[in-house]
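Structure first, commentary second.
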Amino acid sequence: MRLGDELPLSPPIKALYICIYILNLAHASIAYKERWSAAMTTYMVCCFRRRFRPASNEPSEAIGDVFQAYAGGDGALGEEALRRFLREVQGETSDGDLDEAAREIMAFAAEQKLLKKGGGGLTMEGFHRWLCSDANAALHPRRGVHDDMGLPLSHYFIYTGHNSYLTGNQLSSGCSEAPIAKALHDGVRVIELDLWPNAAKDDVEVLHGRTWTSPVELAKCLEAIKEHSFVSSPYPVILTLEDHLTPHLQAKVAKMIKETFGDTLHLSESETMTEFPSPEDLREKIIVSTKPPKEYLQTKSSKEESQNESQNGNCEEESVWGEEIPDNKALMDVGRQDTNRYVKEEEDMEKIAQLGVNMEYKRLIAISLTRRKHDMDEDLKVDPDKVSRMSLGETAYEKATITHGAEIIKFTQKNLLRIFPRTTRITSSNYNPLMGWRYGAQMVAANMQGHGRKLWLTQGMFRANGGCGYVKKPDFLMNCDKMFDPRSNLPVKTKLKVIVYMGDGWRFDFHKTHFDKFSPPDFYARVGIAGVVADTRMEETKVIMDNWIPTWDHEFVFPLAVPELALLRVEVHESDNHQKDDFGGQTCLPVWELRTGIRSVRLCGRDGEMMQSVKLLMRFEFT
């Protein structure tokens, strides 16, 4: 026999070797799990080791009770019992949906080897694993776009960015095409570019004017828009331009835009429209929106002018995970004597030079920006023969809602209204977007680089309708006969019962000392509603001490007057007695799209990106 030849072994001996090999693998796996468990539950305090009970990912007692209520005598969930659970707990109603869901669950369990041997029913572990899977998410993973997309643009809330080219703060950060590409991938449908002449006044740059932000070439921004516009959504991208250019440079921009976008550029057939086209009409089209170029004004930009009225605004930086959401009650105290002082948002100051109009640039403008008269009675008049877009600064808009709330709703039934953050938000923080949506404003512009609770609300709103960037406004905001008043005493329409069962995943995504150097984390959950003032509230569970897999089994009930504008807020924090609580994850979900029943809820980081493993198990019921 030569070296390397196989030894002649009889079949029984070979089988014995295979069994020994499998046992060794199992032993190694158990040893690894024990070492991992010991590593995650043993902490060093000075020269002493502090040991904690290993975390258990077993179903909570409440989940176990649900399983036992439907399981058979063999301790498994058969197909008929599973259908009953889906109908009675998960709210599946049609027989077709029930059968499809049951088949998918059984296929999932079979693939994961979680069916009971012999009978083939679903085991407790299989039931729990499926509940925690993405297939059982709170928002239907395959529902996609379901709103009617054939209505005029004014019928939709539109995912809108502000200063889309900035990488950081509003004063000294860099400008780049990268934030534009990311915003489009995230579903943003309105991109803003500020166009300025370069130092030699022979070319165009994109930057936040009269600040220390470093410019980026316009060509790079246009290429990024062309390449990424329809990656996440087929519905139109609106390019809003704040233009500080001479007619010569406007002509240069017109040529660049037409050459870059080609057939995807939407050109209006006439200068005026009586009604906007629909998102469906404009699929995979890019639309330019700016003011008609009548004159070149060497004056302050609109954003600089808006800063004058915002000097007394709150400039505090966001906290570690963002400021709490205000309910806007403080605005009720604003005196009427101040309401006629509005932010000068457009470049309507004294004209320095009259240099003509570039007609090629003018023909690009499919959605015209109205030049404000700075008299709200005049600004909000609805022209029956013409639609347009108006833009208001955050502070001016807040004041207008007090004296002209009904007029804003009527204006936005036909026209587009864009709200932008005040310029004193130099850290790129955001305002509460619900103050815009409550009155029908379509373009509630957000600083996408300004992470915090206000941006989380915007991200939550546009998880609706398949994440396509367009969400149909509730019908009551389009009712011309009876104007909605979000500040009135509204009756409760429904109640949302929320149960937070348990959470898991932090042990995989974080180092064991990330939250506490000397013990496992002490997690608690905060759950609440952001919506009209009557619905807005926030509550929290108890703190579960020293546990990577907290079980809360905590129930909340939220009365809702306007569920069509309600967003469910969920946050997890780690309690710390000696300093600020640590952030453990968050998400925000549109209430009107929640699936009833026991659902898996993935959490996101501060930046809104989905965490790899962290999720909660929750239950939703409407009564």
**Fill in**
Applying side chain to side chain contact (heavy atoms under 4.5 Å, CB included) to Ala566 and not counting sequence neighbours gives Ile529, Leu560, Val591

**Request:** For Trp456 and Arg606, indicate whether the former's side chain and the latter's backbone hold a donor-acceptor pair under 3.5 Å.
**Result:** yes

**Request:** For Gln90, enumerate each residue passing the side chain to side chain donor-acceptor pair (under 3.5 Å) test, keeping only those at least two apart in sequence or located in another chain.
**Result:** Asn136

**Request:** Determine whether the side chains of Tyr70 and Glu88 contain a donor N or O and an acceptor N or O closer than 3.5 Å.
**Result:** yes

**Step-by-step salt bridge (Lys or Arg N to Asp or Glu O under 4.0 Å) determination, Arg422 to Glu394** = CA-CA 6 Å; Arg422 62 174 183 260; Glu394 168 192 348; 2.9 Å; yes

**Asked** Any chance the side chains of Ser428 and Asn169 put a donor and an acceptor closer than 3.5 Å?
**Response** no

**Message:** Using only atom types and a distance under 3.5 Å, with no angle test, would you say the side chain of Asp553 pairs donor to acceptor with the backbone of Val500?
**Reply:** no

**Request:** Could I get the full list of salt bridge (Lys or Arg N to Asp or Glu O under 4.0 Å) partners for Lys473, not counting sequence neighbours?
**Result:** none

**Prompt:** Would you find a donor on one side and an acceptor on the other, under 3.5 Å apart, between the side chain of Arg83 and the backbone of Ala101?
**Reply:** no

**Message:** Using modelled atom types and a 3.5 Å cut-off, is there a donor and acceptor pairing between side-chain atoms of Ser429 and backbone atoms of Arg425?
**Reply:** no

**Message:** The criterion is salt bridge (Lys or Arg N to Asp or Glu O under 4.0 Å); which residues satisfy it with Arg619, sequence neighbours excluded?
**Reply:** Glu621

**Asked** How about Asp65: does its CG atom have over 12 heavy atoms from other parts shown lying under 6.0 Å from it?
**Response** yes

**Request:** Report yes or no: does Asp581 contribute a side-chain atom to a donor-acceptor pair with the main-chain N or O of Asp576 at less than 3.5 Å?
**Result:** yes

**Prompt:** Can a salt bridge be assigned to the pair Glu104 and Arg142 using a cut-off of 4.0 Å between side-chain N and carboxylate O?
**Reply:** yes

**Chi angles and distances behind the side chain to side chain contact (heavy atoms under 4.5 Å, CB included) call for Val527, Trp552** = CA-CA 12 Å; Val527 181; Trp552 294 288; over 6 Å; no

**Result of checking Phe523, Tyr524, Phe583, Phe510 against Glu574 for side chain to side chain contact (heavy atoms under 4.5 Å, CB included)** = Phe523

**Message:** For Phe230, give me all partners under ring pair (Phe, Tyr, Trp, His ring centres under 6.0 Å), at least two apart in sequence or on another chain.
**Reply:** none

**Request:** Taking atom types as modelled, find out whether Glu593 and His146 have a side-chain donor-acceptor pair closer than 3.5 angstrom.
**Result:** yes

**Message:** Tell me if a side-chain donor or acceptor on Thr494 pairs with a main-chain N or O of Thr623 at a distance below 3.5 Å.
**Reply:** yes

**Message:** Keeping Arg507 on the side-chain end and Asp504 on the backbone end, is there a donor-acceptor pair under 3.5 Å?
**Reply:** no

**Request:** Go through the structure and list residues passing salt bridge (Lys or Arg N to Asp or Glu O under 4.0 Å) with Asp134, not counting sequence neighbours.
**Result:** Arg602, Lys615

**Message:** Which residue in the set Gln449, Met448, Glu192 passes side chain to side chain contact (heavy atoms under 4.5 Å, CB included) when paired with Leu166?
**Reply:** Gln449

**Request:** Verify, without hydrogens or angle tests, whether Arg463 (side chain) and Cys588 (backbone) share a donor-acceptor contact under 3.5 angstrom.
**Result:** yes

**Side-chain donor/acceptor of Arg438 to backbone N/O of Gly531, under 3.5 Å** = yes

**Prompt:** With Glu540, which residues qualify under salt bridge (Lys or Arg N to Asp or Glu O under 4.0 Å), at least two apart?
**Reply:** Arg526

**Complete:** Residue set satisfying side chain to side chain contact (heavy atoms under 4.5 Å, CB included) with Ser154, at least two apart, ordered chain then number -> Pro152, Phe276, Leu416, Gln442

**Message:** Tell me every residue that passes side chain to side chain donor-acceptor pair (under 3.5 Å) with Asp535, counting only those two or more places apart in sequence or in another chain.
**Reply:** none

**Asked** Considering residues at least two apart in sequence or located in another chain, which fulfil the side chain to side chain contact (heavy atoms under 4.5 Å, CB included) criterion with Asp186?
**Response** Lys182, Glu609

**Request:** With sequence neighbours excluded, tell me which residues meet ring pair (Phe, Tyr, Trp, His ring centres under 6.0 Å) with Phe462.
**Result:** Tyr159

**Request:** Taking Thr513 for its side chain and Asp516 for its backbone only, find out whether a donor-acceptor pair lies under 3.5 Å.
**Result:** no

**Item:** Test: Glu564 and Lys493 ion pair at under 4.0 Å
**Value:** yes

**Message:** Would you say Asn447 and His162 are linked by a side-chain donor-acceptor pair, where the criterion is simply a distance under 3.5 Å?
**Reply:** yes

**Request:** Go through the steps to decide whether Val601 and Leu617 satisfy the test side chain to side chain contact (heavy atoms under 4.5 Å, CB included), and finish with yes or no.
**Result:** CA-CA 6 Å; Val601 177; Leu617 194 59; over 6 Å; no

**Prompt:** side chain to side chain contact (heavy atoms under 4.5 Å, CB included) with Met149: which residues, sequence neighbours excluded?
**Reply:** Val145, Asp147, Tyr156, Tyr235, Pro279, Glu280, Asn465, Cys468, Tyr470

